[in-house]
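Below: one structure, written as structure tokens.
A note on names: the letters A, B, ... follow the listed sequences, proteins ahead of strands, and every chain is numbered from 1. Both backbone and side-chain heavy atoms feed into the values below; hydrogens, waters and symmetry mates do not. Note that the structure is a prediction, hence the values are computed from the model and not measured.
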2 protein chains.
Amino acid sequence: MSERDESLSAERISEAEHAVMEALWEKSPQTAAEVCDNVCDRRGWSIPTVKTLLSRLVAKGALATEPQGRRFLYTPTIERAAYVGTESRRLVDRLFGGRAAPLFAHLAESEALSAEDIAEIERLLAEMKK
Amino acid sequence: MSERDESLSAERISEAEHAVMEALWEKSPQTAAEVCDNVCDRRGWSIPTVKTLLSRLVAKGALATEPQGRRFLYTPTIERAAYVGTESRRLVDRLFGGRAAPLFAHLAESEALSAEDIAEIERLLAEMKK
DNA sequence: CTCCGACGATTACGTTTGTAAACTGAATGC
DNA sequence: GCATTCAGTTTACAAACGTAATCGTCGGAG
């Protein structure tokens with residue numbers, strides 16, 4: 001019960017881990033220290049915490065390491081778009097029965113849509129029609 | 001370290017708990033056994049599991065109990081719309097910097113929007129303009 | 001050549017979650 | 001009345017998470 005599947009990257013990324021991923025999607029590769037520079041204050045973390053998260057993400061196959069001298073450079077192996085996609089879908093499935101329209105309706109109803117959002121969405125819709 | 005705040009219902013609802021909430025939003029009040037009838041097969045749960053989840057939800061203030069003879073009737077204390085709202089916002093904040101338009105764009109791009117979704121959204125947009 | 005400091009690796013530890021068995025008290029059939 | 005049954009409560013326990021301290025090692029400063 002130790003050899004888990006290491007190739008299929010379907011491992012779930014937790015919220016804390018996600019913060020680390022964001023830093024690396026923003027810019028990569030980065031060392032552990034650099035990642036910490038980018039997230040530690042915001043989250044109130046210390047370096048050991050970041051290192052743990054990095055290790056777990058490597059174990060989950062979400063990050064790749066490349067040795068640079070005696071330290072590692074970390075790079076995402078999964079694309080942000082893919083992650084965002086699965087997470088979005090999860091939510092839509094769980095809360096809106098897989099339909100996006102109710103989500104939109106909900107956002108609209110709860111004032112979560114700004115004027116710009118609406119304009120942007122109209123633009124996208126127009127574009128889709130072409 | 002035992003008396004947690006019992007009035008403010010900001011407690012986080014986990015995924016398994018959410019399934020129970022859905023059953024009760026669908027129809028309430030219900031007994032534990034009834035809830036189980038509605039979710040146990042789908043999730044492969046046994047009654048004890050449902051009971052645990054119900055208790056935790058009561059502890060979190062998400063459900064209210066009303067004694068009916070020797071058993072309890074469970075009723076949600078929070079509205080589904082409120083839950084859906086906070087969860088949606090969480091996702092939009094976390095993944096799209098709080099902007100709904102990028103979420104929409106993403107759904108559109110990834111084919112997650114059906115023709116009906118689009119029609120429905122156009123309808124909603126038209127309505128909002130009025 | 002030796003010691004220090006910087007890294008990753010290992011270990012830690014409390015909490016939450018998923019999943020459920022054991023316990024306890026009350027209602028109910030005989 | 002007393003045993004069985006059935007509800008809720010308590011306890012259990014492993015995995016995941018959040019957060020971090022400690023260990024072991026390797027390379028660079030003296």
Side-chain angles (χ1 to χ4, degrees), chain A residues 1-5 9-24 29-37 39-75 87 90 94, chain B residues 1-6 10-24 29-37 39-75 87 90 94:
Chain A
M1 207 151 312
S2 59
E3 297 307 320
R4 299 237 35 72
D5 186 346
S9 54
E11 299 273 8
R12 190 107 179 80
I13 292 175
S14 78
E15 186 154 337
E17 287 161 0
H18 171 237
V20 169
M21 290 302 290
E22 285 294 344
L24 284 160
Q30 289 185 69
T31 65
E34 286 168 342
V35 171
C36 187
D37 286 346
V39 301
C40 280
D41 345 353
R42 200 178 358 240
R43 308 271 308 202
W45 287 342
S46 51
I47 302 188
T49 299
V50 173
K51 291 189 178 178
T52 299
L53 294 172
L54 286 169
S55 299
R56 287 180 182 169
L57 285 166
V58 171
K60 288 180 181 180
L63 292 180
T65 56
E66 180 194 352
Q68 184 224 33
R70 45 201 255 66
R71 69 187 110 162
F72 279 160
L73 292 179
Y74 296 88
T75 314
E87 288 303 303
R90 281 177 79 79
R94 225 161 58 85
Chain B
M1 210 158 306
S2 60
E3 297 307 319
R4 296 233 42 68
D5 186 346
E6 291 162 29
E11 299 271 8
R12 189 108 179 80
I13 291 174
S14 79
E15 186 154 337
E17 287 161 0
H18 171 237
V20 168
M21 290 302 289
E22 285 293 343
L24 284 160
Q30 288 185 71
T31 65
E34 286 168 342
V35 171
C36 187
D37 286 345
V39 300
C40 280
D41 344 355
R42 202 179 355 243
R43 308 272 307 202
W45 287 341
S46 50
I47 303 186
T49 300
V50 172
K51 290 187 180 180
T52 299
L53 294 172
L54 285 169
S55 299
R56 287 179 184 170
L57 285 166
V58 170
K60 287 180 181 180
L63 291 180
T65 56
E66 179 195 351
Q68 184 224 35
R70 48 206 247 62
R71 69 188 109 162
F72 279 163
L73 292 179
Y74 296 88
T75 313
E87 287 303 303
R90 281 177 79 79
R94 224 161 59 85

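Atom CZ of R56(A) and atom CD of E11(A) lie 12.5 Å apart (nearest 0.5 Å).
Using a 4.0 Å heavy-atom cutoff across all strands shown, R71(B) reaches sugar-phosphate atoms only and no base atom. Across all strands shown, A33(B) has no heavy atoms under 4.0 Å from either base or sugar-phosphate atoms.
Taking atom OH of residue Y74(B) and atom P of nucleotide dA7(D), one finds them 10 Å apart after rounding to whole Å. Protein atom CG of L53(B) is 12 Å distant from nucleotide atom C1' of dT16(C), rounded to whole Å. One interatomic measurement links the two molecules: NE2 of H18(B) to C1' of dG18(C), which rounds to 16 Å at whole-angstrom precision. Computed from coordinates, the E11(B) CD to dT16(C) C1' distance equals 11 Å when rounded to whole Å. The separation between F72(A) atom CZ and dT25(D) atom P is 15 Å, rounded to whole Å. Computed from coordinates, the W45(B) CH2 to dG18(C) P distance equals 8 Å when rounded to whole Å. Regarding R12(B), its CZ atom lies at a distance of 11 Å from the P atom of dG18(C), rounded to whole Å. Rounded to a whole Å, the CG atom of L57(A) is 10 Å from the P atom of dC17(D).
The phosphate of dA16(D) (OP1 or OP2) has no side-chain N or O of S14(A) nearer than 4.0 angstrom. Listed pair T52(A) / dT19(D) fails the phosphate criterion, with no side-chain N or O lying under 4.0 Å from OP1 or OP2. For the pair T49(B) and dA20(C), the criterion of a side-chain N or O lying under 4.0 Å from OP1 or OP2 is met. The phosphate of dT11(D) (OP1 or OP2) has no side-chain N or O of K51(B) nearer than 4.0 angstrom.
When each of dA20(C), dA9(C), dA21(D) is scored by its nearest atom to the side-chain atoms of P48(A), the top-ranked nucleotide is dA21(D). Of the candidate nucleotides dG8(D), dA9(C), dA20(C), dA9(C) has the atom nearest to the side chain of S55(A).
The closest side-chain heavy-atom distance from L53(B) to W45(B) is below 4.5 Å. Residues F72(A) and L54(A) have side chains not in contact (no heavy-atom distance under 4.5 Å, counting atoms from C-beta outward).
For the pair R70(A) and E17(A), nearest-nucleotide mapping onto DNA chain D gives the more 5' position to E17(A).
In this model, a side-chain donor or acceptor of R56(A) finds a partner on the base of dT19(D) within 3.5 Å.
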Run R12(A) and R90(A) through side chain to side chain contact (heavy atoms under 4.5 Å, CB included) and show every step you take. CA-CA 12 Å; R12(A) 190 107 179 80; R90(A) 281 177 79 79; 3.2 Å; yes
Does V20(A) form a side chain to side chain contact (heavy atoms under 4.5 Å, CB included) with E17(A)? I'd like the steps, not just the answer. CA-CA 5 Å; V20(A) 169; E17(A) 287 161 0; 5.6 Å; no
